[in-house]
Every structure is written in structure tokens, then in C-alpha cells.
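For reference, the structure is listed below as C-alpha cells.
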Amino acid sequence: MGIFTWTDARRMPRRPKDGYDWISADKIGYGGYAKIVCPDGTEYATDYYYGDGIFGCVDAYEVIVDINKEDLPRIIKKYGYKRPFLCECAKLLSEGKSEREITDFAYNKIKKEHGNEEGYDWLYKEWKRNIGIMMCCDDKDNDNLKYPLKITSIKKKVSYDDLYPSYNTQ
């Protein structure tokens with residue numbers, strides 16, 4: 001797993017004069033407090049963010065899928081030709097299949113296509129996470145979600161609607 005960080009949703013992030021990346025002061029830093037804020041008021045916090053995408057024992061990319069389930073048909077339409085396997089999983093999720101059923105589907109599909117080849121386990125184990133990456137890693141995609149990912153270093157309770165979308169800084 002790589003290092004994942006985003007801009008802090010407390011304000012609209014700024015770019016430096018060269019236009020590359022984001023100003024450091026607008027980023028969620030490693031080693032400090034950070035939390036995901038959801039539209040329903042749920043917050044997933046960590047006192048020490050390691051850059052692994054995990055906040056309070058939940059994966060940021062899985063949270064984005066959960067809060068945008070109604071947007072999955074649009075995602076499938078947009079990415080179906082590029083990511084058919086993930087879009088099949090997203091379609092099953094949008095149809096109300098359980099995560100266990102989708103994991104079983106993914107496992108069987110991967111085993112059928114790749115047998116016991118090494119290096120493919122992550123595809124069925126992390127299907128939901130990878131759908132989330134597909135949904136929000138590109139800033140334009142995150143902006144176009146009904147509920148974009150919002151991560152902040154603000155410790156007090158804060159309303160989702162008072163925050164800006166967080167942008168990937170990789």
C-alpha cells in the first residue's frame with residue numbers, strides 16, 4: 001500500500017505559483033489528527049494519521065463507496081470499458097448484493113481467469129476499496145460525486161456541508 005494523503009477540507013486548497021500539487025499548509029499531514037466527515041454526521045477519526053488511508057479502522061475509499069452507492073450506475077457507465085471487473089462488482093453492489101456475495105463473485109471470477117497465479121488476491125480482497133479509488137482519486141471525479149470525500153484536521157464536531165472536498169495529493 002502506498003502513502004495516501006489529501007487536502008484538508010477546512011478550506012478550499014490553494015496551488016503554489018508553479019501550479020504543481022497543493023500548498024503544504026492545505027494538506028493533511030502525516031503523524032497528526034485527521035478525520036473523515038460523512039454527510040450523515042458520522043466521523044471516522046485517527047489521532048495519528050500514518051498515510052495509509054485508514055481513519056478510525058475504516059478505509060477512506062470504502063467510505064466513499066458507502067456514501068455514494070446511488071452514484072454507482074454513473075460510475076459504471078463512465079469506467080465500464082476501462083475497469084470491467086470493478087464495474088461488475090459495483091453493479092452487484094448497486095443491485096443490493098451483500099459484500100460477502102460480491103467477494104465470493106470476485107474470488108470465483110479471479111480464480112477462473114487466473115487460477116492459482118500469484119499476485120491476484122488483492123483483486124478480490126480489495127474490490128470495494130478499488131471502486132472507491134476509481135471514484136475519487138481524480139480531483140474532477142471527486143468533485144462530481146454527490147458526496148465527495150471530505151477529510152479534515154479539525155478536532156471539534158463539524159458539519160459535512162461546511163467543508164470543501166478533499167483532493168488527492170499524490
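Side chains are part of it too, since the values below use all heavy atoms of this structure and drop only hydrogens, waters and symmetry mates. Predicted model, so just to flag it, every value in this text is computed and none were measured. All residue numbers refer to positions in the sequence shown, counting from 1.
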Side chain to side chain contact (heavy atoms under 4.5 Å, CB included) evaluation trace for Tyr147 with Tyr160: CA-CA 9 Å; Tyr147 300 112; Tyr160 180 88; 3.4 Å; yes

Test side chain to side chain contact (heavy atoms under 4.5 Å, CB included) applied to Asp59 and Glu126, step by step: CA-CA 11 Å; Asp59 187 307; Glu126 296 188 1; over 6 Å; no

Criterion side chain to side chain contact (heavy atoms under 4.5 Å, CB included) on Ile54 and Thr46, from CA distance to verdict: CA-CA 8 Å; Ile54 306 299; Thr46 184; over 6 Å; no

Side chain to side chain contact (heavy atoms under 4.5 Å, CB included) evaluation trace for Phe105 with Glu88: CA-CA 9 Å; Phe105 160 80; Glu88 285 181 81; 3.4 Å; yes

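Atom OG in Ser94 sits 11.0 Å away from atom CG in Asp71 (nearest 0.5 Å). Note: Glu70 CD to Lys146 NZ = 5.0 Å, rounded to the nearest 0.5 Å. With rounding to the nearest 0.5 angstrom, the CD1 atom of Ile102 is 9.0 Å from the CD atom of Glu95. Taken from NZ in Lys125 to OG1 in Thr103, the straight-line distance is 11.0 Å, to the nearest 0.5 Å. To the nearest 0.5 Å, atom SG of residue Cys87 and atom CG of residue Leu93 are 12.0 Å apart. In this structure, the separation between CG on Asp47 and NZ on Lys155 is 6.5 Å, given to the nearest 0.5 Å.
Of all heavy-atom pairs between Cys136 and Leu149, the closest is SG-CD2, 4.3 Å. Here the closest heavy-atom approach between residue Asn168 and residue Tyr61 is recorded as ND2-OH, 3.9 Å. Closest approach of Ile67 and Pro39 over heavy atoms only: CD1-CD, 3.9 Å. Scanning both residues, Ala34 and Tyr49, for their nearest heavy atoms gives CB-CB, 4.2 Å. The minimum heavy-atom distance linking Ala90 with Leu72 is given by the pair O-CD1, 3.8 Å. In terms of heavy-atom proximity, Phe85 sits nearest to Ala106 at CZ-CB, 3.6 Å.
Judged purely by distance below 3.5 Å, without hydrogens or angles, the side chains of Ser159 and Asp161 never pair a donor atom with an acceptor atom.
Side-chain contact check for Tyr164 versus Pro148: every heavy-atom pair is 4.5 Å or farther apart.
When the options Ile75, Ile133, Asn130, Ile131 are evaluated for a side chain to side chain contact (heavy atoms under 4.5 Å, CB included) with Val65, the one that passes is Ile131.
With hydrophobic clusters built from ILVMFWY side chains whose heavy atoms lie under 4.5 angstrom apart, Tyr33 does not share a cluster with Ile154.
Relative ring orientation between Trp6 and Phe55 is described as tilted, the plane-to-plane angle lying within the 30° to 60° band.
Side-chain atoms of Asp8 come within 3.5 Å of backbone atoms of Ser153 as a donor-acceptor pair (strictly under, hydrogens ignored). Of the possible donor and acceptor atoms, one in the side chain of Ser166 sits under 3.5 Å from a partner among the backbone N and O of Thr7.
In this view, Glu43 and Lys35, Val37, Lys157, Val158 satisfy the side chain to side chain contact (heavy atoms under 4.5 Å, CB included) rule, not counting sequence neighbours.
Annotation for Tyr107: atom OH does not count as buried by contact number, only 12 or fewer foreign heavy atoms lying within 6.0 Å.
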